[in-house]
Amino acid sequence: MDLYRDTAKFPASERFGLISEIRRAAVSIPANIAEGAARSSKKEFAQFLSVVRGSAVELHLLLDVACETGTLSSDRFQGHASGIDRIVAMINRLMRRTKSLPAEKS
């Protein structure tokens with residue numbers, strides 16, 4: 001929700017650029033976790049977690065661009081970047097845990 005509030009302050013010229021891309025990447029993270037968790041196999045779940053990790057890295061890059069262009073303050077960028085780093089660490093742990101689960105029976 002913080003990202004929605006922050007991007008609402010971006011210039012209107014970014015409505016179909018950074019605003020759209022940042023919001024899409026941010027929503028993709030929990031949406032893919034939920035969808036992956038609902039799948040019937042750990043392999044499918046792991047694939048969704050990989051997508052989540054990619055979305056998190058993409059979001060970090062987009063926020064960096066917003067910061068570098070002066071659209072997002074350095075303080076706000078640092079706060080969001082810290083949260084993204086925590087999310088990536090959690091996803092990495094979950095991916096390792098998923099791989100260590102016993103194989104599924106066909």
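Remember, it's a predicted structure, so these values are computed and weren't measured experimentally.
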>> I need the single residue from Arg86, Gln78, His80 that forms a side chain to side chain donor-acceptor pair (under 3.5 Å) with Ser82. Which is it?
In response: Arg86
> Considering only heavy atoms from C-beta outward, does the side chain of Arg39 approach that of Gln47 to under 4.5 Å?
Replying inline: no
> By side chain to side chain donor-acceptor pair (under 3.5 Å), which residues pair with Ser74, not counting sequence neighbours?
Replying inline: none
>> With a 4.5 Å cut-off on side-chain heavy-atom distances among I, L, V, M, F, W and Y, is there a chain of contacts connecting Phe48 to Ile91?
In response: no
> Do the side chains of Tyr4 and Val27 get nearer than 4.5 Å, heavy atoms only?
Replying inline: yes
> Looking at Leu18 and Leu62, what are the two nearest heavy atoms and their distance?
Replying inline: CD2-O, 3.8 Å
> So how far is it from Asp6 CG to Ile22 CD1, rounded to the nearest 0.5 Å?
Replying inline: 9.0 Å
>> A side-chain contact here means heavy atoms from C-beta on lying under 4.5 Å apart; do Leu3 and Leu59 qualify?
In response: yes
> What distance separates Arg15 CZ from Arg23 CZ, expressed to the nearest 0.5 Å?
Replying inline: 9.0 Å
>> Tell me every residue that passes side chain to side chain donor-acceptor pair (under 3.5 Å) with Ser28, counting only those two or more places apart in sequence or in another chain.
In response: Asn32, Ser55
>> To the closest 0.5 Å, what do you measure between CD (Glu14) and CD1 (Ile19)?
In response: 6.5 Å
> Can you tell me how far CG of Leu49 sits from CZ of Arg93, rounded to the nearest 0.5 angstrom?
Replying inline: 12.5 Å
> Any link between Val57 and Ile29 through a network of hydrophobic side chains (Ile, Leu, Val, Met, Phe, Trp, Tyr) touching at under 4.5 Å?
Replying inline: no
> In Å and rounded to the nearest 0.5 Å, what is the CG to OG1 distance from Leu63 to Thr7?
Replying inline: 9.5 Å
> Which pair of non-hydrogen atoms, one from Ile84 and one from Ala56, has the smallest distance, and what is that distance?
Replying inline: CG2-O, 3.4 Å
>> Test: side chain to side chain donor-acceptor pair (under 3.5 Å). Region: residues 57-70. Which pairs qualify, not counting sequence neighbours?
In response: Arg24-Glu58, Thr69-Thr71
> Phe45, Val51: one ILVMFWY side-chain cluster at the under-4.5 Å cut-off?
Replying inline: no
